[in-house]
Every structure is written in C-alpha cells, then in structure tokens.
Amino acid sequence: MSVSPAPVSSGRHFLFDDEHEQLRRTVRQFVGREINPHAEKWEADCRIPKSLFLRGGEIGLFGHSVAPQYGGIGADCRMAVIIAEEMSHAHTSGPGMALGAHAEIALPHLNRFGSTEQKRRFLPDLVAGRKVAALGITEPSAGSNVAGIQTVARREGDGWTLNGSKIFITNSVHADLFIIAAKTDPSAGHRGLSMFLLPRDTPNFIIEEMKGKLGRRASDTGLLTFDGCPLPADALLGELNRGFYQIMQCFENERLVIAAGCVGAADAALAETTRYTQQRPMGFGTLADMQVTRQRLAKSYMELEASRQLVYYTTWRVVQGEPSLKEVAMAKAFASEAAFRIIDDCLQLHGGYGYFSESLIERAYRDIRLDRIGGGATEVMYEIIAKQLQI
Ligand SMILES: Cc1cc2nc3c(=O)[nH]c(=O)nc-3n(C[C@H](O)[C@H](O)[C@H](O)COP(=O)(O)OP(=O)(O)OC[C@H]3O[C@@H](n4cnc5c(N)ncnc54)[C@H](O)[C@@H]3O)c2cc1C
C-alpha cells in the first residue's frame with residue numbers, strides 16, 4: 001500500500017507527542033526502505049528473512065514497553081499503536097504480523113510475568129531482535145476456548161515434562177523462544193493452566209511449517225508438537241495455575257495492536273483507492289467523478305475515522321490504567337470488521353484489476369481477513385462486550 005496518510009488522518013492527534021510522531025516517521029521510512037522492495041519475494045517465500053528482526057530491533061520496534069535495564073525504554077502502549085498502524089501500510093502485512101507477534105504478542109508475557117532472572121536472560125536479545133519469540137496458545141481442538149487446551153506439563157523431579165501440540169503459531173520458523181500455555185492441573189479447568197518458556201533446541205520438540213494461508217503469506221506459521229519435552233523448574237513463567245489470567249491480561253495489548261493494524265491497513269487501502277479512482281478513465285471523466293464513487297469513498301473514510309477514534313480512545317484508557325476489557329474488545333471487533341468492509345469496497349472500485357495480484361488491493365483483501373478471526377474472533381469480542389454490559 002501507499003505510505004502516504006489518508007486525507008482524514010492528516011494532522012497530529014492529541015494522544016501523541018513529538019516522540020510518537022518521530023517514531024511514526026521512522027517506521028514509515030522502515031516500511032518504504034526495508035519491506036516494500038522485498039514484498040513480492042517474501043510473499044513467494046512465505047517468510048521474511050530473520051535479519052528483519054535485527055533491523056527492527058535497531059530502530060527500536062521491540063523495546064518500547066520494556067524497562068531500560070533490559071534494553072527497552074519503559075514507555076506506554078502508544079508506541080505499539082503507532083508501530084502497528086504504520087507497519088500495516090506496507091505492501092505486504094506479513095512482516096508487520098511477524099514482528100508484531102514477536103514484540104506485542106509473545107514478548108509481553110515475559111515482560112509482565114517473567115522473574116528478574118528470566119528477563120535478564122531473554123529480554124535484551126528479544127528487544128534487540130537478535131532472538132525471536134513466538135506465543136503458543138491455540139491447539140487443534142481449542143482456539144477461542146483457551147481453557148480447553150489439552151497440552152499438559154507434568155511434574156518430573158524438579159522440573160516438568162511437556163506433552164501436546166499447538167497449531168497456527170506465528171514465527172515458528174524463526175523463533176528461538178516459545179512461550180507455551182499448558183495444563184498443570186488438568187482437572188481444574190481454566191484455574192489449572194500455566195505458562196512455560198520453551199527454547200527452540202529443547203529435546204523432543206518438533207516444529208513443522210504450515211503452508212497454504214489465504215493471506216499474510218510473508219509471515220510464517222507452524223504446528224508444534226511436544227513429545228515429552230523436558231523443562232527445568234525455572235521454565236515456569238509467572239505463577240503456577242495462573243496462566244489463564246496472564247493470557248487474559250496480555251490479550252489487552254494484543255487486541256489493541258491488532259485493532260491499530262486494521263486502522264493502518266484500511267487507511268493505506270483507501271489512499272491507494274482514492275488515487276486509483278481519480279486516475280481511472282470513465283469516458284466522461286474519471287471513476288472519482290461519479291457521485292456514487294465519491295459517496296462510497298466518503299462513507300469508507302467516515303468508518304475509518306470512527307475506527308481510528310475508538311482505537312485511540314481505547315489506547316488513552318489503557319495508558320490511564322482504566323479497566324478497558326470492554327473497550328479493547330469493541331476496538332478489536334469494530335476496527336477489524338470496518339477494515340474488512342472498507343477494503344472490500346476498495347477492491348470493488350478497482351474492478352477486475354483488484355482481482356489480480358498485480359494490484360495491492362488483492363493482497364490487502366486477503367490479508368485483512370485474518371483480523372476478524374485471530375487474537376479472538378469477532379463473536380468472542382461480542383461475548384466479552386455483552387458480558388461486561390451485563391446483558
Ligand atoms: C495465520 C494465523 C496465525 C496465528 N497465530 C497464532 C499464534 O501466534 N499463537 C496462537 O496461539 N494462535 C495463533 N493463531 C490462532 C488464532 O488466534 C485462532 O485461530 C483464533 O483464536 C480462533 O480459534 P480457532 O481457529 O480454533 O477457531 P474456533 O475457536 O474453532 O472458532 C471458529 C469460529 O467459531 C465462532 N466462535 C468461536 N467462539 C465463539 C463464541 N464464544 N460465540 C460465538 N461464536 C464463536 C467464530 O466465528 C470463530 O471464528 C493464529 C491463527 C492464524 C489463522
């Protein structure tokens with residue numbers, strides 16, 4: 001997609017200061033220089049090179065929420081929102097997903113719940129992009145229903161033995177460290193779940209790449225099998241049997257970042273489509289000269305702006321430390337559904353050209369489909385909202 005901002009979003013939002021706007025420019029340049037020229041190859045390869053994590057680390061994409069003693073800057077989530085928005089302007093959203101899964105989905109578990117020793121051991125390399133992290137929660141028989149996972153970690157002497165499997169795990173190809181959810185008390189439902197740190201070279205740990213995704217092809221995905229993996233006592237991340245609550249806490253950041261990515265993707269698609277309609281001849285003028293086109297675009301810009309403001313408002317609440325479970329669920333559901341509708345309309349305005357891979361809209365259309373499912377499906381967000389509203 002284009003890296004220029006859509007008309008509605010021009011100008012600075014009161015949520016952000018100079019440092020945030022500088023970061024926005026830095027990420028925009030990173031996308032233009034380090035991602036867009038390679039988009040086609042990485043899509044075909046179904047992965048990015050591992051060196052992109054290193055490049056991301058060099059410009060500070062991963063350490064904003066991490067304390068300075070572990071290599072970060074200890075800032076709030078506004079930076080994550082800006083990074084997600086800007087990365088989604090790339091010509092492929094796979095790299096943004098890979099880097100985001102590392103920094104905003106996996107790393108926060110360690111940052112929030114790791115012991116001093118665990119943080120000291122892993123965080124500096126993850127922040128610098130020298131090592132890559134992945135989060136493994138989803139299983140073949142349990143996705144939305146996190147409490148239903150069947151992977152088990154059994155006590156074995158001082159440590160643990162891990163058995164089970166995980167599916168759809170982003171960064172499986174590159175990850176050095178996997179953060180894995182497992183049952184430590186299978187009879188206790190969601191109160192019997194714990195998190196573990198699993199290095200890639202752990203014995204009896206099998207990683208298989210999953211191919212054939214609809215979109216986000218430049219981001220790799222894997223199937224993990226734990227066939228009696230031995231884990232030391234200090235592999236436990238956070239509190240025993242509190243894993244479910246740790247996951248729920250980390251969902252706040254994950255879902256907010258996904259929502260921000262949807263704003264960026266819709267913004268980029270609209271900018272591209274506006275330009276296209278202004279250039280596409282229609283006999284008497286251009287496609288944009290038709291009232292129906294201008295109204296369709298106006299409606300999409302309106303939806304995008306509503307989406308952006310909900311995401312920014314939710315970000316503000318999170319920064320203030322306000323309870324935001326309902327708002328984050330609303331932002332994630334609204335932004336992903338809106339972006340899907342907007343990009344569908346963008347494809348429509350591209351006509352047949354939008355149906356071919358030469359157009360960026362074709363990829364954007366495939367890529368955005370994930371956001372209504374991943375990180376909690378829209379229906380799951382509606383359930384959270386309804387429960388919070390005590391309906
Ligand atoms: C490309 C990709 C990358 C991913 N990366 C990761 C990763 O890195 N780590 C990880 O742990 N997981 C990852 N996931 C998994 C993702 O989070 C799950 O796919 C998602 O949570 C949905 O789970 P599921 O696929 O098992 O669908 P299911 O749980 O089987 O749900 C199927 C559908 O049922 C409906 N549904 C579900 N629950 C409800 C409900 N309560 N009320 C009404 N309807 C409902 C929804 O429409 C939902 O889409 C990834 C998935 C994909 C596709």
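Just the heavy atoms: all of them, side chains too, but no hydrogens, waters or symmetry mates, feed the values below. Note that ligands are numbered from 1 as they come in the structure, with each ligand's atoms numbered from 1 the same way. One is the number of the first residue; the rest follow in order along the sequence.
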What closest approach, in Å, do Arg78 and Leu15 show between heavy atoms, and which atom pair accounts for it? NH1-O, 2.9 Å
Any N or O of Ile137 that comes nearer than 3.5 Å to an N or O of ligand 1? yes
Here the atoms of ligand 1 under 4.0 Å from any heavy atom belonging to Ala377 are 46 (C), 48 (C), 49 (O)
Is any N or O atom of Ile167, backbone or side chain, closer than 3.5 Å to an N or O atom of ligand 1? no
Taking all heavy atoms of Leu256 and all of Val318, pick out the closest pair and write down the distance. CD2-CG2, 4.3 Å
Ignoring angles and geometry beyond distance, decide whether Thr138 reaches within less than 3.5 Å of ligand 1 through its nitrogen or oxygen atoms. yes
Test of proximity, Glu379 against ligand 1: N or O pairs below 3.5 Å: yes
In the protein, what heavy atom is nearest to atom 20 (C) of ligand 1, and what distance, to one decimal place, separates them? Ile373 O, 3.6 Å
Return yes or no for this condition: an N or O of Thr221 is under 3.5 Å from an N or O of ligand 1. no
Using a strict 4.0 Å cut-off to heavy atoms of Lys213, name the atoms of ligand 1 that fall inside it. 1 (C)
Does ligand 1 come near enough to Asn145 that some N or O of the ligand is less than 3.5 Å from an N or O of the residue? no
Between Leu370 and ligand 1, does any nitrogen or oxygen pair lie at a separation below 3.5 Å? no
Hey, is His102 touching ligand 1 through its side chain, its backbone, both or neither, going by heavy atoms under 4.0 Å? neither
Is any heavy atom of the protein nearer than 4.0 Å to atom 34 (O) of ligand 1? no
Between Thr378 and ligand 1, which part of the residue brings a heavy atom under 4.0 Å of the ligand: side chain, backbone, both or neither? neither
To check you understand the geometry: which heavy-atom pair defines the closest contact between Glu362 and Ser357, and what is its length? OE1-CA, 3.5 Å
Can you list the ligand 1 atoms lying under 4.0 Å from a non-hydrogen atom of Ile169? 7 (C), 8 (O), 9 (N), 10 (C), 11 (O)
Is Thr170 touching ligand 1 with its side chain, its backbone, both, or neither, if touching means heavy atoms under 4.0 Å apart? both
Per-atom contacts, ligand 1 versus Ser144 - under 4.0 Å to a heavy atom: 22 (C), 23 (O), 28 (P), 29 (O), 31 (O), 37 (C), 38 (N)
Does ligand 1 have a heavy atom under 4.0 Å from the side chain of Asn171, from its backbone, from both, or from neither? neither
Under 4.0 Å, heavy-atom basis, I'd like to know which part of Arg216 is in contact with ligand 1: side chain, backbone, both or neither. neither
